[in-house]
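For reference, the structure discussed in these notes is given below.
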There are 2 protein chains.
Amino acid sequence: MAADPLSLVFSALSDPIRRDIVARLAGADATVNELAEPYDVTVQAVSKHIKVLEDAGLVSRSKDAQRRPCHLEAEVFDLMTKWIERYRREAEERFRRLDALLEGMDEQSATDPPTKEATS
Amino acid sequence: MAADPLSLVFSALSDPIRRDIVARLAGADATVNELAEPYDVTVQAVSKHIKVLEDAGLVSRSKDAQRRPCHLEAEVFDLMTKWIERYRREAEERFRRLDALLEGMDEQSATDPPTKEATS
DNA sequence: ACAGTATTCAACCAAGCGGTTGAACACAGG
DNA sequence: CCTGTGTTCAACCGCTTGGTTGAATACTGT
């Protein structure tokens with residue numbers, strides 16, 4: 001239990017119903033019953049889905065009589081985008097260097113001999 | 001089977017080991033054995049992890065003798081970032097409008113009456 | 001041809017997940 | 001004080017998942 005936040009968020013968004021719920025909450029807050037209406041699963045199942053989103057920090061809930069309106073917490077998105085962008089950038093830079101290396105290869109082939117780790 | 005691409009990618013990245021593999025592949029291509037070395041699970045388990053990443057389109061593999069080097073395919077990241085950014089933006093715009101509404105409330109309160117669905 | 005190395009396949013297991021039904025809880029309003 | 005509404009809890013079910021072990025496959029180099 002108590003997996004790391006990143007795992008929780010990615011896992012929460014790996015389900016189509018949960019992604020759809022997030023999509024709809026981006027437009028407006030909604031109650032469990034409202035959220036459950038479009039899907040042909042029971043309201044209990046949707047309640048569980050919302051709990052998963054809540055545990056991941058993606059939604060928060062307030063109390064309004066017996067209703068428990070859901071509200072999207074978009075800040076957690078940053079967690080993901082930061083992770084993704086970090087490695088995307090890293091990979092892209094590696095491509096860039098690889099391209100540069102390949103480009104230099106037909107101009108000269110002995111000025112920079114392949115002695116790995118020359119400088120101690 | 002054959003879940004939608006977005007679910008596959010989010011699901012693939014919901015595991016810490018798989019995220020770590022992606023992180024390392026962002027720096028350099030690597031073989032299954034190299035990738036498996038740091039973790040205290042069997043190489044078969046890592047092989048399965050890589051298969052999940054492959055099915056999600058996150059890694060591709062080439063053949064080099066008996067080795068099957070893994071290469072990160074960073075383009076799929078775009079799928080996620082586009083999805084995330086769409087709803088993040090939507091949510092942020094909603095906040096913006098809400099703020100504007102709240103700000104306007106102490107200036108006037110009847111120029112735009114709340115008659116929902118007036119046009120039939 | 002053979003021995004070693006890299007990887008995957010197959011069968012299995014425990015735990016988790018998405019779903020169900022049925023009961024319980026919480027609150028509002030006549 | 002009930003009845004209805006909204007939501008959750010609890011137990012259960014079938015399937016998937018992450019892990020294991022053991023065997024099979026694929027290729028290399030001597």
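Nothing here was measured: the structure is a model prediction, and the numbers come from that model.
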Handout entry: Any residue meeting side-chain contact (heavy atoms from CB on, under 4.5 Å) with A:Gln66, in chain and number order, not counting sequence neighbours
Key = none

Practice task
Go through the structure and list residues passing side chain to side chain donor-acceptor pair (under 3.5 Å) with B:Asn33, not counting sequence neighbours.
Solution key: none

Taking distance alone, no hydrogens or angles, what donor-acceptor pairs closer than 3.5 Å link side-chain atoms of residues 72-84 of chain A to residues at least two apart or in another chain?
from    : atom 1 : to      : atom 2 : distance (Å)
A:Glu73 : OE2    : A:Ser60 : OG     : 2.8
A:Asp78 : OD1    : B:Arg88 : NH1    : 2.2
A:Thr81 : OG1    : A:Phe77 : O      : 3.1
A:Thr81 : OG1    : A:Asp78 : O      : 3.1

Exercise for the section: Could you check which residues of residues 4-20 of chain A get a heavy atom under 4.0 Å from DNA chain D? Sort them by number, please. Expected result: none

Problem - Residues which pass side chain to side chain donor-acceptor pair (under 3.5 Å) with A:Glu54, listed by chain and number, not counting sequence neighbours - result: A:Arg61

Without placing hydrogens or testing angles, list every side-chain donor-acceptor pair under 3.5 Å for residues 12-19 of chain B, not counting sequence neighbours.
from    : atom 1 : to      : atom 2 : distance (Å)
B:Ser14 : OG     : B:Ser11 : O      : 2.7
B:Asp15 : OD1    : B:Ile17 : N      : 2.8
B:Asp15 : OD1    : B:Arg18 : N      : 3.2
B:Arg18 : NE     : B:Ala12 : O      : 2.7
B:Arg18 : NH1    : B:His49 : ND1    : 3.2
B:Arg18 : NH2    : B:Ser11 : O      : 3.3
B:Arg19 : NH1    : A:Ser7  : OG     : 3.1
B:Arg19 : NH1    : B:Leu13 : O      : 2.8
B:Arg19 : NH2    : A:Asp4  : OD2    : 2.5
B:Arg19 : NH2    : A:Ser7  : OG     : 2.9

Problem - B:Arg61 side chain near C:dA6 phosphate (N/O to OP1/OP2, under 4.0 Å) - result: no

Exercise for the section: Using a cut-off of strictly less than 4.0 Å between a heavy atom of the residue and any atom of DNA chain D, enumerate the qualifying residues of residues 42-53 of chain B by number. Expected result: B:Thr42, B:Gln44, B:Ala45, B:Lys48, B:His49

Completion exercise
Those residues at least two apart in sequence (or on a different chain) that pass side-chain contact (heavy atoms from CB on, under 4.5 Å) with A:Ala23 are B:Tyr87

With the criterion being N/O to N/O and under 3.5 Å, what pairs connect the protein with nucleotides 26-30 of chain C, and how long is each?
from   : atom 1 : to      : atom 2 : distance (Å)
C:dC27 : OP1    : A:Lys63 : NZ     : 2.8

Completion exercise
salt bridge (charged side-chain N to carboxylate O under 4.0 Å, His left out) filter on B:Arg24, not counting sequence neighbours, yields none

Completion exercise
With sequence neighbours left out, the residues meeting salt bridge (charged side-chain N to carboxylate O under 4.0 Å, His left out) with B:Asp64 are B:Arg67

Completion exercise
Applying side chain to side chain donor-acceptor pair (under 3.5 Å) to A:Asp55 and not counting sequence neighbours gives A:Lys51

